[in-house]
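Notes for the one structure printed next.
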Amino acid sequence: MVGGLRSEDGGERATLAGWVHRRRDLGGLLFVDLRDRSGLVQVSFGPEWTDAASLEVARGIGHEDVILVAGTIAVRPDGARNADMATGEVEFRAENVEILSDARTPEIPVYRAPEDELPAEELRLQHRVLDLRRFELQQNLMLRHRLVLETRNYMDRHGFIEVETPILTKATPEGARDYLVPSRVHKGEFYALPQSPQIYKQILMVAGFDRYFQIARCFRDEDLRADRQPEFTQIDVEASFVTVDDILEWIQGLMASLAAVAGIDAPLPFPRLTWNESMERYGSDRPDLRYDLEIEDWTAATADVDFGIIRSQVNAGGRVRGVRLAGGASLSRRQIEEIENRAKASGAPGLLWAKRSEEGTSGPLGKFLDPAHADAMGLAVGDLALVSAGPDRLTSPTLAVVRAAAAATAQLPIVREHAWLWVTDFPVFDEENGVLFASHHPFVMPHLDDIGLLDTDPISVRGTAYDLVYNGTEFGSGSLRMHDPELQRKVLRVLGLDDAQIEEKFGFLLSALSVGAPPHGGIALGMDRIVQRFTGSMSLRDVVAFPKTTAARALFEGAPTSVGEGELEALGLTLRSKGRTES
RNA sequence: GGGGCUGUAGCUCAGUCGGUUAGAGUGCCGGUCUGUCACACCGGAGGUCGCGAGUUCGAGUCUCGUCAGCCCCGCCA
């Protein structure tokens, strides 16, 4: 490993191998920066210590060639040391050299000068083998390895065993589209790739593997984003005879261990908020708590404000809520508009605001306020209130965006650089256009106190579900599960499934739950996302060795591809149309 | 499915109002050089301006379409 050479190693004979990162040919002397994944070291060739034949070979060395050099590690002469280089005290004096592999001129450079831009991502993905030689990607994948290793060690220390579950499986009940794999033996039938090992891990609980985990590959056939890949890796965990507290303690311990590997703070225990509190105070179920800014309820404070929008929304049962930016009155109209635009971009109908100065209050809402109102809202001179009036369903997401945008625009101070949070007691159900659906997945154990509400008011049934949030990103999500097949059946019925559908989709789970199922629960954590955040990468593509593009293509290996008639026929398939331009 | 941005030499980019020979840096090839580390210096090669139509006397530049990459919305319960 070349990157670890130091002056103490001076005088030692050695043989080094690696890639030619950079070369400097001075005529008589020739320098090569030799690279492997540990770093760089300067190899020097000169007539005084390199044999003549090797000197000739060295002249022909090109970028990215793989070479083998034998010689001595030498402390560099005075004035020739490089303080910017970890190995800058030493150099390797090559006595002879062998080119193990001749590289063609690389399509994209591995070496980059300090100011150089990265090549276009399209090219970096096409020539992934070269891009993966980049220092940053090597660091990312090495950290990823250490995090996976620490996960396995931690889970093992806590008595969990890793069990592999199938990749060729049955369509799972998550909401995403499945990747399907045609069966050759059973023509016309398909396997699905797992969106998660959810049902398998529950069945493992019934089978008695009371503490399970898996570094599990999952697949979802949905459109992609910077933080979404069609295949991704979860730390999947399930345990029997446990409480929510047991799981949260194990997992926050795991996160603290992983964070320590990455050199990130994770003080235990992580704070907890119920879903209701989180929505009330931050408008979001994954608030970014790096900065302090909370939503306030100003319905009472504005009860006698004679402003049409407010009165009509409150009369319709809505509330007046908003965030108060201390000193925010200094924001320009343009900055406020920017916040408003971001709120609108995420579906908000509009945003009201009020500034308070020595002269009084101003702004679309401000002009309807008198000093007493401003006092009641806690709005001091110099403050800015950003306000949304309406039903919580609309104002919460709006204010969540406003909160984030305002924090960015007003450059609110970061009060904690690493903000960990548990959000608990997610509702079991959600609804859109009058249709009820499972807000997490349909196996979440409802709170025992709320089971009576299943028939009367399902929307208010709280679940034993929790999310792990780091700096506003959801790292993972879990719950206790229903181990009583009758309760499970009931929830599925509430979701609108009839008995035939329940049998077809969940029969094997219900059957398993009927042979003696222990109470159990677990969580799934997004490994890629954790590595992304820990490395500070902008994209998941920088923490996955061979990622897909946003159109789900693999540019390096060139997938997907069309297949021949013969292969289709063996699978019992015919294509309706060929090629990408027909639909 | 929708919106936006980008596409010029191997790579990173510039290219004026539509104008006749499309440039720079780097890389590549050749040469000089014994302490460089973004080595320096001299010389050279390298272009389907993503692709296809259209407008025009004339298109890298304007219009339409299309492909690819990226970002966002929908979607991912």
Side-chain angles (χ1 to χ4, degrees), chain A residues 21-34 40-50 55 59-60 62-64 74 76-85 87-88 91 93 103-127 130-131 172-178 195-196 218-230 232 342 344-347 426-432 435-444 463 465 474 477 495-496 526 538-539 541 547-553 555 579-581 583:
Chain A
H21 190 61
R22 192 78 178 157
R23 51 180 308 229
R24 294 173 292 281
D25 186 347
L26 271 59
L29 289 176
L30 175 70
F31 299 99
V32 164
D33 291 337
L34 189 69
L40 295 171
V41 73
Q42 172 167 283
V43 176
S44 62
F45 297 88
E48 289 160 34
W49 58 88
T50 309
L55 208 49
R59 300 249 173 260
H63 285 161
E64 300 307 316
R76 295 195 194 183
D78 287 340
R81 303 198 181 116
N82 185 345
D84 297 332
M85 206 175 173
T87 60
E91 67 181 4
R93 299 206 168 186
R104 68 167 183 264
T105 301
E107 286 81 0
I108 58 171
V110 176
Y111 166 82
R112 268 197 308 150
E115 305 295 313
D116 282 355
E117 295 289 331
L118 281 175
E121 185 157 21
E122 185 174 0
L123 291 166
R124 291 194 284 116
L125 291 171
Q126 263 166 30
H127 306 289
L130 293 171
D131 202 33
T172 42
E174 268 82 6
R177 241 179 312 249
D178 286 312
Q195 297 183 31
S196 81
C218 305
F219 306 85
R220 291 182 188 174
D221 187 7
E222 294 292 347
D223 288 340
L224 307 179
R225 293 282 189 282
D227 61 353
R228 246 194 256 161
Q229 282 277 305
F232 56 98
R342 282 177 56 180
K344 280 180 179 164
S346 63
F426 275 65
V428 172
F429 304 102
D430 200 349
E431 103 180 283
E432 198 167 346
V435 180
L436 214 57
F437 60 90
S439 64
H440 181 47
H441 58 51
F443 315 118
V444 172
E474 182 199 314
S477 194
L495 285 167
M538 295 301 290
S539 163
R541 293 182 296 274
K548 305 286 190 287
T549 68
T550 50
R553 282 191 173 280
L555 295 185
R580 293 186 262 121
T581 50
S583 57

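Labels below follow one simple rule: chain letters A, B, ... track the order of the sequence lines, proteins then strands, and each chain is numbered from 1. Keep in mind that this is a model prediction, so the values were computed, not measured.
Residues meeting the side chain to side chain contact (heavy atoms under 4.5 Å, CB included) test with Arg81(A), sequence neighbours left out: Val75(A), Arg76(A), Asp78(A), Glu89(A).
For the pair Phe232(A) and Arg220(A), the minimum side-chain heavy-atom distance is below 4.5 Å. Under the 4.5 Å side-chain criterion, counting only non-hydrogen atoms from C-beta, Gln195(A) is in contact with Asp178(A).
Using atom C1' as the reference point in both C39(B) and U26(B), the two lie 15 Å apart (nearest Å). Annotation: C64(B) and C5(B) have their P atoms spaced 12 Å apart (nearest Å). Look at the P atom in both A22(B) and A59(B): the space between them is 14 Å, to the nearest Å. A distance of about 15 Å separates the P atoms of G60(B) and U8(B), rounded to the whole Å. When the P atom is compared between U61(B) and U20(B), the two are found 14 Å apart, to the nearest whole Å. Separating the C1' atom of G44(B) from that of G27(B) is a span of 14 Å, rounded to the nearest Å. Taking atom P in both C13(B) and U6(B), the straight-line distance is 13 Å, to the nearest Å. Rounded to whole Å, the P atom of G10(B) lies 7 Å from the corresponding atom of G47(B).
Residue-level contact check: Leu224(A) touches neither bases nor backbone, having no heavy atom under 4.0 Å from any strand. Backbone-only contact: Ala226(A) has heavy atoms under 4.0 Å from sugar-phosphate atoms and none from a base. Across all strands shown, Leu30(A) has no heavy atoms under 4.0 Å from either base or sugar-phosphate atoms. Nucleic acid contact class of Asp430(A) (heavy atoms, under 4.0 Å, all strands): none. Nucleic acid contact for Thr550(A): base, since at least one base atom lies under 4.0 Å from a heavy atom of the residue.
Note: CG (Asp223(A)) to P (C71(B)) measures 13 Å, nearest angstrom. Rounded to whole Å, the distance from CG on Asp131(A) to C1' on U12(B) is 15 Å. Distance CG (Leu118(A)) to P (U26(B)): 19 Å, rounded to an integer number of Å. Atom CD in Glu122(A) sits about 15 Å away from atom C1' in C71(B), given to the nearest Å. When the P atom of C76(B) is taken as reference, atom CG of Asp221(A) falls 12 Å away, rounded to whole Å. The NE2 atom of His441(A) sits 15 Å away from the C1' atom of C76(B) (whole-angstrom rounding). Distance Arg541(A) CZ to C71(B) C1': 9 Å, rounded to the nearest Å. Separating the CD atom of Glu121(A) from the C1' atom of U12(B) is a distance of 16 Å, rounded to the nearest angstrom.
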Across nucleotides 34-40 of chain B, 5' to 3', mark each nucleotide with B, S or - according to how protein heavy atoms within less than 4.0 Å reach it.
BBBBBB-
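Both Arg59(A) and Phe437(A) lie close to RNA chain B; mapped to their nearest nucleotides by heavy-atom distance, the more 5′-ward contact belongs to Arg59(A).
Look at Asp33(A) and Arg22(A) and you find no salt bridge, because none of the NZ, NE, NH1 or NH2 atoms lies under 4.0 Å from a carboxylate O. With respect to Arg541(A) and Glu121(A), a salt bridge is recorded, a charged nitrogen being found less than 4.0 Å from a carboxylate O.
Using N1 to N3 plus N6-O4 or O6-N4 for Watson-Crick, or N1-O2 and O6-N3 for G-U wobble, each under 3.5 Å, G7(B) pairs with C67(B). Of all nucleotides present, none satisfies the Watson-Crick or G-U wobble test against U56(B) with each distance under 3.5 Å. The partner of G47(B) is absent, by the rule that a Watson-Crick or G-U pair needs both atom distances under 3.5 Å. Checking A24(B) for Watson-Crick or G-U wobble geometry (two distances, each under 3.5 Å) identifies U12(B) as its partner. With a 3.5 Å ceiling on both atom-pair distances, the Watson-Crick or G-U wobble partner of A40(B) is U32(B).
Listed pair Arg228(A) / G74(B) fails the phosphate criterion, with no side-chain N or O lying under 4.0 Å from OP1 or OP2. A sub-4.0 Å separation between OP1 or OP2 of G69(B) and a side-chain N or O of Thr549(A) is present. In terms of phosphate contacts, His63(A) brings a side-chain nitrogen or oxygen within less than 4.0 Å of OP1 or OP2 of C28(B).
Between the side chain of Arg104(A) and the base of G10(B) there is no donor-acceptor pair of N/O atoms closer than 3.5 Å.
Rounding to the nearest 0.5 Å gives a distance of 11.5 Å between CG of Leu29(A) and CZ of Arg24(A). How far CG of Leu30(A) is from CG of Leu55(A): 7.5 Å, rounded to the nearest 0.5 Å.
A donor-acceptor pair under 3.5 Å is absent between the side-chain atoms of Thr550(A) and the main chain of Arg225(A), judged by distance alone. With hydrogens and angles disregarded, no donor-acceptor distance shorter than 3.5 Å links the side chain of Arg124(A) to the backbone of Leu130(A).
Contact between Asp430(A) and Ser439(A) at its shortest, heavy atoms only, is CB-CB, 4.0 Å.
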